[in-house]
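Encoded as structure tokens, the structure appears first; notes follow it.
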Amino acid sequence: MSKKQVSLFNDYTKGVWDQNPVFKQVLGMCPALAVTVSAMNGIAMALATTFVLVFSSFIISLIRKLIPSQVRIASYIVVIATFVTIVDLVMRAQFPELSKELGPYIPLIVVNCLILGRQEAFSSKNNPFRSVLDALGMGTGFLIALASLGAIRELFGSRSILGVQLLPDAFEPWLIMILPAGAFLTLGLMMGGLNAMILRRKRREEADILSKHIPKTYVAASEGQEV
Amino acid sequence: MKTIIAMLVTLTIIGVVSGGGLAMISGWAAPLIAANKKAATERAIFLVQPEAKQYEAVAEVPYELYRVLDEGGQPTGYSFPWEGNGFQGNIRMMIGLTPDLATITAIEVLEQVETPGLGTMILEDPFRGQFNGLKTEPQVDWVKGAPPTKENEVQTITGATISSKAIVDIVNDGLARLRTDLAQGGDK
Amino acid sequence: MSSVTVTEAPTGQELLLSTSPHLHSRWTTKQLMWFVVLALVPCVISSVVYFGFYQLVIITTAVVFAAGTEALIQYLTKKPVTISDGSAVITGLLLGLIVPPYFSPAFTALGAVFAIAVGKMVFGGLGYNIFNPALVGRAFLQAAFPVAITTWTIPQFAVDAVSKATPLAAFKFDNVVTPLTPLVVGNVGGSLGETSAIAVLIGGIFLLVTGVANWRIPAAMIVGMLLFGGVLWLLDPAAPDPVFHIFAGSFLFAAMFMASDYVSSPVTGTGMWIYGLGISLVTVLIRVYGGLPEGVMYSILFMNAFVPLINRYTQPKLFGEGKA
Amino acid sequence: MIFKTFPGGVHPPEEKELSEHCAFERMPAPSIVILPLSQHLGKQARPLVEKRAVVAEGQVVAEADGFISAPVHSPITGTVKSIGRESHSSGYAREALVIVPTEAKEGETLPEPQRLPALDPAIISVADIRARVKEAGIVGQGGAAFPTFVKLTPPEGKQIDTVILNGCECEPYLTRDDRFMIERPDAIISGLQLIMRALGVSKGVVGIESNKPQAIASMESAVAGQPDLSVCALQTKYPQGAEKMLIKAVNGREVPPGKLPLDVGVVIQNIGTAIAIHDAIAHGEPSITAALTVTGRGIRNPKNLIVPVGTPLSEVIAYCGGLTEDAAKVVVGGPMMGVAQHDLDAPVMKATSGIVILTQDEVRRQEETACLRCGKCIDACPLHLLPTRLARLAQLGMIEEAERLNITTCMECGSCAFICPANIPLVQWLRLGKQRVVHMQRNR
Amino acid sequence: MELILIFVSAALVNNFVLAYFLGICPFIGVSNKLSSAFPMGLATTFVMVLTAIVTWLIYHLVLVPYNVEYLQYVSFILVVASLVQFVEMVIKKVSQPLYRALGIFLPLITTNCAILGLALFIVLKEYSFVEGIFYGVGAGAGFTLAISLMAGIREELELADVPAAFRGAPITLIVAGLLALAFMGFAGMITV
Ligand SMILES: Cc1cc2nc3c(=O)[nH]c(=O)nc-3n(C[C@H](O)[C@H](O)[C@H](O)COP(=O)(O)O)c2cc1C
Ligand SMILES: Cc1cc2nc3c(=O)[nH]c(=O)nc-3n(C[C@H](O)[C@H](O)[C@H](O)COP(=O)(O)O)c2cc1C
Ligand SMILES: Cc1cc2nc3c(=O)[nH]c(=O)nc-3n(C[C@H](O)[C@H](O)[C@H](O)COP(=O)(O)O)c2cc1C
Ligand SMILES: Cc1cc2nc3c(=O)[nH]c(=O)nc-3n(C[C@H](O)[C@H](O)[C@H](O)CO)c2cc1C
Ligand code: SF4
Ligand code: SF4
Ligand code: SF4
Ligand code: SF4
Ligand code: FES
């Protein structure tokens, strides 16, 4: 791949993991916690958010040079709120059930720190194409986070994932998983677990580098063994 | 000054475009949303009145009340949305009644925020079914931990006593209101 | 940092070096903890007497899983395994004693694992947790299995029909105030360890007399209950009298064994009073106005969250800064 | 009877019975004398003699260097063997003169022991009292070894109304002050009156803990009929003898942090200091002996001794029958604040009040665990500090926060570490924290 | 009485942060020091009350009469944002110390879902003007309580041996979870 391609590719992928909005940047936490009682809700929320994110990024990137910086935030908010209203209207018209489930959290996409944050950090400085890629990447990352959180909570809280029962009837569902406390705890434990894995890998890599670049005897000596 | 004008102009343009766009989409969505809402209400009206075929709104009372009719247009009872406090928040339900208000045909919970899996058992049949054909004179009563012995009693759900009582209370509250209003209005 | 160097003395004996003080009181962590375990024996006995030998299965499960979880986590994170200090045993034992009779051992085990893993180890283990681990375990179980944990079995020798529900549930839902005698003896429904005030008091007074538990917290809780419970009783005819409040449910048990947990309670004397009074206040409010019949567990957890702030604002005045 | 006291503190086992019945004995001259130039708080003394010089008992061999300093006198007649760094009971080697007794050779005469001229305590002037206390090299016997004449020369404008003699001896095991009060009450009263005269004060109090009934009786009969003197019996509790605590108990005043007893109108002196002052004036004796208790389960014959300053610990121990089989720790001072010794060549010094030898059983270290936040250390701290938090802050290097929480106020009494069930070496951390705070303040 | 119940309900029983998941980002982001958490709570309370007032007026005096409820989100957020900006400017002019204590938090708060959430809930629950204000005060008090408790706990945890992997956001979320468990005791106490 050419250098340019690599950087475009990176525009997309960074949001998926390295800068995952939920796990790494701790943004957009409210919807992440509130709606993830099931995988389906998480996915729907993430898709709605991604829709708003992508379109607002596109529009804002297009008009970025026309907006005076003093009314920057206000303009972003209006653009975002417009798309959120569209999502909300469409959902209420076409998917009344889902709209009822996600309740007041759809309008709150307006203030989702993730969306505003991306406009400030990226779309206001880059061309529409890259902004859309960035938005798609962040959206994917958000989707991964919300879907996995929703899946775990649904599995233990209702024995199923995406409505498919996976655990036997003998398994008593843990009600706490679909309560607020369960949301915080699950996400906290997930993040801790991920961090532990990352730390472990880092430590192992460091050990590898050490053993490759430092003469054996030195390593042994530093570990206090007789050489 | 120039920047202020630029600011105002930008915001106005964005506002107008956004407002215009939304007005268009809303124009498309509003009837659909209204239809959805109407469908939901209708579904609920007939859910608590399985026999009924048509309905009409009763205008004499300052709240929603539907008189349901059979094929021939004869009144067969009332469908009646009412709400009150549950364990966590508001519970809104539809109550089906016979014309003399002495018997409940069925109930349906429309909106609630009770604890999933616990308070939400009020939505399910072991509990809800108890209201089919329940007598309402002098009022609906509840018992805890034992099957009901009287015609106007329901048994509360273990672990969700409060939600169960809330349903009973809402029914009684609505009935009381209805009785006074209909007695005055002389609807029969 | 503990610099214990050994050198040769002219007499040929090895001399120990360490900094002052060179004397130490007889208390050690281990000893404190095992005293608490000892103090809980009367409650274990009363649970067997009232609810049968099967309860030992629940209690043992809780202890084994609590201690096992601690050992496992310490082993996995390559820390010294310190279950012999007895603190995890207490957590397990207490958890076992605050679940209902015939509670599922599987749920108990899950609660014990959660209590130690999330209530204690993620904070860094002994001494660092903010919330009382045993109560974290119980609150988890209550939120996960609310029906199972409010299903009460009648004691073996129950004489009256009233004791089907716990005295507090009977009060809340049927407005029945259980008389004092069964409450004191323990012949009522309730969690394994809490029903008998006599058993609780034997263990509790043992802890207070030996100085293991600080007397201030139980004292503050009882004073607070008399105060707030009394005021409500006078104002609101529907509220029960304060003595009923003290003897019903897990109030005494929690006052003696759980609110007095060092780690999750304030370190200053004034702080302990505020903490104890706060627990009583929240307990009364939940019991009288809340949706739940019993509020002691939530009150303690709620006040646990205040402990850092309480400690900060009740710092003792430096000697010499009070008066000239 | 309710005894006065202060809030907080701890109750270590008292263990006074090992030596409280032993009357003072004079220990014979040792085979070698190691005379540190720094036996006091402040600047070390400047030597006045050369190697191989012959010195007389009582001769000044090093002079005070500066205001807060004290001269050193030779405790024996002998030859200066060397001047250099020698063992010191602080654990660090310090500058010292080493003197060995000399036999008179043919034709030579050894110098006579020197004494200062005796003065009449009844008529001595304030200036003479201060001069004599300074000349005699007297330092506080209460542990800190602060040059006494400094305390007797308060800055202009300070109003002092009370002198308290500290007869608490709150450290477990030690019985020196107890024996002094039983054996020499009149010398103590004389010393107290001299201090009062030097400071122009008309109120003198002797504070004694309730576990020394004999001493209380003895001192009470000594003050009988003297309306300006009194005995104050105090509750037995450590650290009752710490000056701030003693003042609080005796007259309810609190010395603010960073201030001195002087600032609340009080001067405190130890019982032993009073005797030293009396002896220096009435008998012209310079500070060449130390009175101390040698005790503990690790020594065969516990004793209360008068020992020439500079005697190596090993000789004192040998004089008391030597260490027992299970002796494990030799502490100079009391067990709560004293310093454990690794080198028994270290000498007895002017302010050495005791040697405590603890056994294996007594010093077995308990396992250290994390802090339980039991608050016992906070209840115990007589200065109302937060030992647990200060120690943790020191451990994590959060020095500014430790400073904000007044770590430097800590007097290292050890009450907190004594009571701590988690066996955290709190005092050690507190010391480290204090050092780092001082260091940081210096760099500011 | 009803008003007090609304207040208690919003503050304790249905705490915005712990039960409704609103304002989580500042709750996690600004809770590491009590000295910033508490002012943040106060500033949020202030903005919430303002929001309750202006959005109620807009909704009932403009949106409903002209049948343009679909402009709710756009208008609410825009008005709140400009209002906060205005208040910030006023505070800066009037009192520097107050600005330093509260002002710096104000822009952060605008883009915080608790504010918009409040406005939407007031519409959804059909509160009257005065009820809306009490609701705003209660929600703000609940937010202040939660974020202050969290800050106290996090300062304490700085001295604790929290495993490296759990430092920061994970332990904060777990504490929030345990706080939510503790607040469940108030469930069913008051329902408004
Ligand atoms: C997490 C949790 C959620 C609860 N949710 C409800 C609920 O939605 N509805 C209800 O009536 N009770 C609920 N409760 C229980 C009640 O507070 C109360 O304990 C119960 O109604 C008592 O009923 P019982 O006496 O039949 O066990 C809940 C309890 C917990 C711990
Ligand atoms: C249950 C109980 C209640 C007590 N109540 C008090 C009390 O109210 N006031 C008091 O001073 N001591 C009380 N004590 C005595 C204390 O145990 C102890 O003597 C006192 O805290 C001494 O501490 P201090 O030296 O710090 O004052 C009580 C002891 C127990 C076991
Ligand atoms: C913890 C502590 C305990 C003390 N205990 C005593 C004591 O028991 N007797 C005593 O004379 N001095 C004791 N002191 C020293 C006194 O505070 C004070 O310095 C001394 O009495 C002053 O008299 P001096 O200058 O004659 O030594 C103690 C100091 C501390 C810090
Ligand atoms: C007096 C006393 C009371 C205790 N109470 C509890 C308790 O209620 N819950 C618990 O998990 N551990 C308790 N423990 C054990 C220990 O303090 C607890 O596991 C720590 O919180 C773990 O860090 C107690 C210990 C003592 C000495
Ligand atoms: S060390 Fe002990 S006996 Fe000696 S002066 Fe200090 S307190 Fe008194
Ligand atoms: S205060 Fe005095 S009497 Fe009491 S223990 Fe301390 S030295 Fe002994
Ligand atoms: S050593 Fe310091 S902190 Fe500890 S009790 Fe003594 S004065 Fe307090
Ligand atoms: S006494 Fe020890 S365990 Fe108790 S609070 Fe103090 S330092 Fe912690
Ligand atoms: S998403 Fe709610 S404050 Fe950020």
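Here is how names work: the chains are called A, B, and so on, in the same order as the sequence lines, proteins then strands, and each is numbered from 1. Side-chain atoms are counted along with the backbone in the values below, which use heavy atoms only and exclude waters and symmetry mates.
When heavy atoms are compared at a cutoff of 4.5 Å, D/Leu383 approaches chain C by way of both its backbone and its side chain. When heavy atoms are compared at a cutoff of 4.5 Å, D/Gln395 does not approach chain C at all. Neither the backbone nor the side chain of D/Arg389 comes within contact range of chain C; no heavy atoms are under 4.5 Å apart. Contacts between C/Asp85 and chain D at a heavy-atom distance below 4.5 Å are absent for every atom of the residue. Using a 4.5 Å cut-off between heavy atoms, D/Leu426 makes no contact with chain C at all. Within the 4.5 angstrom heavy-atom criterion, only side-chain atoms of D/Thr409, from C-beta onward, approach chain C. Only the backbone of D/Val339 comes within less than 4.5 Å of a heavy atom of chain C; no side-chain atom from C-beta onward does. With a 4.5 angstrom heavy-atom cutoff, D/Asn406 touches chain C only via side-chain atoms. Only the side chain of D/Leu358 comes within contact range of chain C, with heavy atoms under 4.5 Å apart. In this structure, the portions of C/Leu126 lying under 4.5 Å from any heavy atom of chain D include both its backbone and its side chain.
Between D/Arg253 and D/Asp263, no side-chain nitrogen of the basic residue sits less than 4.0 Å from a carboxylate oxygen of the acidic one, so the salt-bridge criterion is not met. The residues D/Glu254 and D/Lys244 are annotated as not salt-bridged, no charged nitrogen and carboxylate oxygen being separated by less than 4.0 angstrom. Between D/Glu362 and D/Lys329, no side-chain nitrogen of the basic residue sits less than 4.0 Å from a carboxylate oxygen of the acidic one, so the salt-bridge criterion is not met. Of the charged side-chain nitrogens involved, at least one lies within less than 4.0 Å of a carboxylate oxygen, so that C/Arg216 and D/Asp379 count as a salt-bridged pair.
For the set D/Gly375, D/Pro421, D/Pro172, the entry with the most heavy-atom pairs within less than 4.5 Å of chain C is D/Pro421. For the options D/Pro12, D/Gly322, D/Pro382, D/Cys374, heavy-atom pairs under 4.5 Å to chain C are most numerous at D/Cys374. In terms of non-hydrogen atom pairs under 4.5 Å with chain C, the most contact-rich of D/Lys259, D/Met245, D/His11 is D/Met245.
Classification of the C/Trp27-C/Phe35 ring pair by plane angle, with boundaries at 30° and 60°, yields perpendicular.
A donor-acceptor pair under 3.5 Å links the side-chain atoms of D/Glu171 to the main chain of D/Met336, judged by distance alone. C/Trp34 contributes a side-chain N or O that, together with a main-chain N or O of C/Ser84, makes up a donor-acceptor pair within less than 3.5 Å.
When the shell of 6.0 Å around CZ of C/Phe65 is examined, it contains 12 or fewer heavy atoms from other residues, nucleotides or ligands.
Inspection of the D/Ser31 and D/Glu315 side chains reveals an N or O donor paired with an N or O acceptor under 3.5 Å.
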